[in-house]
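Read the structure below first, then the notes.
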Amino acid sequence: MVEKYIFGSPFETEAVTACMEAVGFAGKVICGEISLEDGFCYSYQMDDADVIYGLGEANRGINKRGYKYVSNCTDDPNHTEDKISLYGAHNFLIISGKRQVGLFFDYPANMCFDIGYTRQDMLTVRCERADLYLYVITGESAYDVAKQFRKIIGKSYIAPKYAFGFGQSRWGYKTAEDIETVVKRYRDNQIPIDMVYLDIDYMQDYKDFTVNAERFPDFPQFVQKMKAEKIHLIPIIDAGVKIEDGYDIYEEGVEKGYFCKREDDSDFVAAVWPGWTHFPDMLNPDARAWFGGKYERLTSLGIDGFWNDMNEPSIFYSEEGIKALNQAIADYVKDTESDGDVMDNANTVPGEVRWLMEQLQNNPEDYRRFYHNINGKKVRHDYVHNLYGFNMTRAAGEALQKIAPDRKMLLFSRSSYIGMHRYGGIWTGDNQSWWSHILLNLKMMPSLNMCGFLYTGADLGGFGSNTTRDLVLRWLALGVFTPLMRNHTAIGTREQECYQFEHIEDFRHVVGVRYRLIPYLYSAYIKAAENDDLYFRPLGFDYPDDRRAVETEDQLMLGNEAMIAPVYTQNVSGRTVYLPEEMKFVKFMPDGSIYEETLSQGTHYVEIKLNEVPLFIRKGKCIPVVDAAENVDAIDLSTVRYLGYDGAAYEIVE
Ligand code: GLC
């Protein structure tokens, strides 16, 4: 059962698609208490056994207890354990214990979820203004609650099948030659691949929807050439539009009034990769349609996939921030009668100047400095901050549907809010080449699925920091199962394409396993999308009465047939795995054979070498497996055979 409560005058986020009558709250007890004295505060005293699921893209565990999280879409590339905000805002959680209750706080500004941080047994959810919708879902189990929630937020975006292939990316590929080298080395080494990503350097001076003509002398022809080699090029699109005379998108946006404005109606100016930019007003339907229409410039050249970035929106610094910094420096120079440049000597930079420098990026002040025009109403950005990335991707999604109604396109975003799952997927942003981030990747997946985001994945191998061969291999063995399987890394880091390491055959094999499983994985994905179901689930969703399963946070259920348990620690030859019931332990061996062993319910230590991919098949189930292929189109379904329990049936869908 789903109930909808209204508090104050909520902003219509369009997260929920189901039409439901909202009822006033009138002091009712909703599995907890609500206070409206100082903004909005929901509080609930947790039982020892309560598990709190949800929050989508958030730090820490599958069970969110024991920390606090703030929904405030933020570009922060350093995802250490203490971080409370990442790129997305997914305000849905499930209390699972004696009761099974889902809560969706539909509120697009900062919201704090204190889940046993201040007091270990208290869950509180707070926001500054009591203007929101609260959806309360009661069900038989956490799984049932999640599925009911999925029903009211609309169907998840479905990616094209090619997007289940493997993709290679690196911030630093600059020219057509760079891309061709990547493709050649993958093909020469017979490592399967379907996509190569174009990061910001393909653009002319980081201008959206432009292509650098020196680096790509004949881009349309290059796209076709890649297509002939079965490679989809996936360009990045950034939120900020470069301010540059003669750049038509900038000029049009200014003329039509489609950029976010300051209070005095001048266009707000912020620095991102291109230098000074304006932000298209993605919350203004006309501006959204206008910006979305620009994707056609690339689709008309044969491009059929995009990744939308910097759309929190990320702000490196604003004009106002720089002015304040300049002033502080000038004051300092005047006060100390110093004639030297304080910037030359870090030791002389006084506290205030240094503080201002540190505050330049993603400064909350800046997010209060600009406004949206939403159907004629001026809305200050910080009131709706968490909707920006959602609406940038919606701009693209709506436009792509018009441009090619019969064709699925790949689309995913960095920033998101619930509702965006109808238009595209997400990647989990700038992680690091750390072992702990394999586990973080795994833990985010089911939480994201609960919020509708099915096409998701992390930067495999790690984005920041230098990776190692074993880390890439182990991470790929998790990535084999995530819908988005992309190796991506930052400029200046160690090269981490699969062919950069010794014994390339191990990489060929691990990526090849992905292709052997695509008929299964894509089917599981389509079934989850069509039935408002989850592709990845915590074990507790399937085995709620088995406490050991509920507390297992390093394994996931996949589809209705499988369980994954990747290795995420260095220098080990296997791991301990908990089986809530008898299962078939399957290992894809480097010689192409498949090892199968039936394991009983309970705990097992299983050996998994660096070049083996483990998978577990549930009792009574089977999954299809085909021969490896060099790309998705080359998958030969006639090679299908079934792994798992004899007599089980499986239906492949596309
Ligand atoms: C951001 C993105 C990253 C990309 C980089 C350059 O940091 O998260 O994936 O490579 O910008 O565009």
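Counting convention: from 1, in listed order, for ligands and their atoms alike.
Phe279 is not listed as a side-chain neighbour of Val269, based on a closest heavy-atom distance of 4.5 Å or more.
Set against the non-hydrogen atoms of Asp199, the atoms of ligand 1 under 4.0 Å away are 4 (C), 6 (C), 10 (O), 12 (O). Near Arg414, with a cut-off below 4.0 Å to any heavy atom, the atoms of ligand 1 are 1 (C), 2 (C), 7 (O), 8 (O). Below 4.0 Å from some heavy atom of His488 lie the following atoms of ligand 1, by number and element: 3 (C), 4 (C), 9 (O), 10 (O). Near Ile236, the atoms of ligand 1 lying under 4.0 angstrom from a non-hydrogen atom of the residue are 12 (O).
The pair Glu177-Arg215 does not count as a salt bridge, with every side-chain nitrogen at least 4.0 angstrom from each carboxylate oxygen. With salt bridges taken as basic N to acidic carboxylate O contacts below 4.0 Å, none links Lys230 and Glu630.
Between Ala399 and Gly292 the shortest heavy-atom distance is CB-O, 3.2 Å.
Residue Trp171 forms a ring pair (Phe, Tyr, Trp, His ring centres under 6.0 Å) with just one option from Trp273, Tyr197, Trp307, and that option is Trp273.
The distance criterion of under 3.5 Å between nitrogen or oxygen atoms is not met by Trp171 with respect to ligand 1.
Here Tyr87 has no heavy atoms under 4.0 Å from ligand 1, in either its backbone or its side chain. Looking at Asp309 against ligand 1, only its side chain comes within 4.0 Å, counting heavy atoms. By the criterion of a heavy-atom distance under 4.0 Å, neither the backbone nor the side chain of Tyr206 is placed next to ligand 1.
For Glu81, the CD atom sits in a loose shell: 12 or fewer heavy atoms of surrounding residues, nucleotides or ligands are nearer than 6.0 Å.
Here the heavy atom of the protein found nearest to atom 7 (O) of ligand 1 is Asp430 OD2, 2.8 Å.
Aromatic rings of Phe268 and Tyr371 (six-membered ring for Trp) have centroids beyond the 6.0 Å cut-off, not under it.
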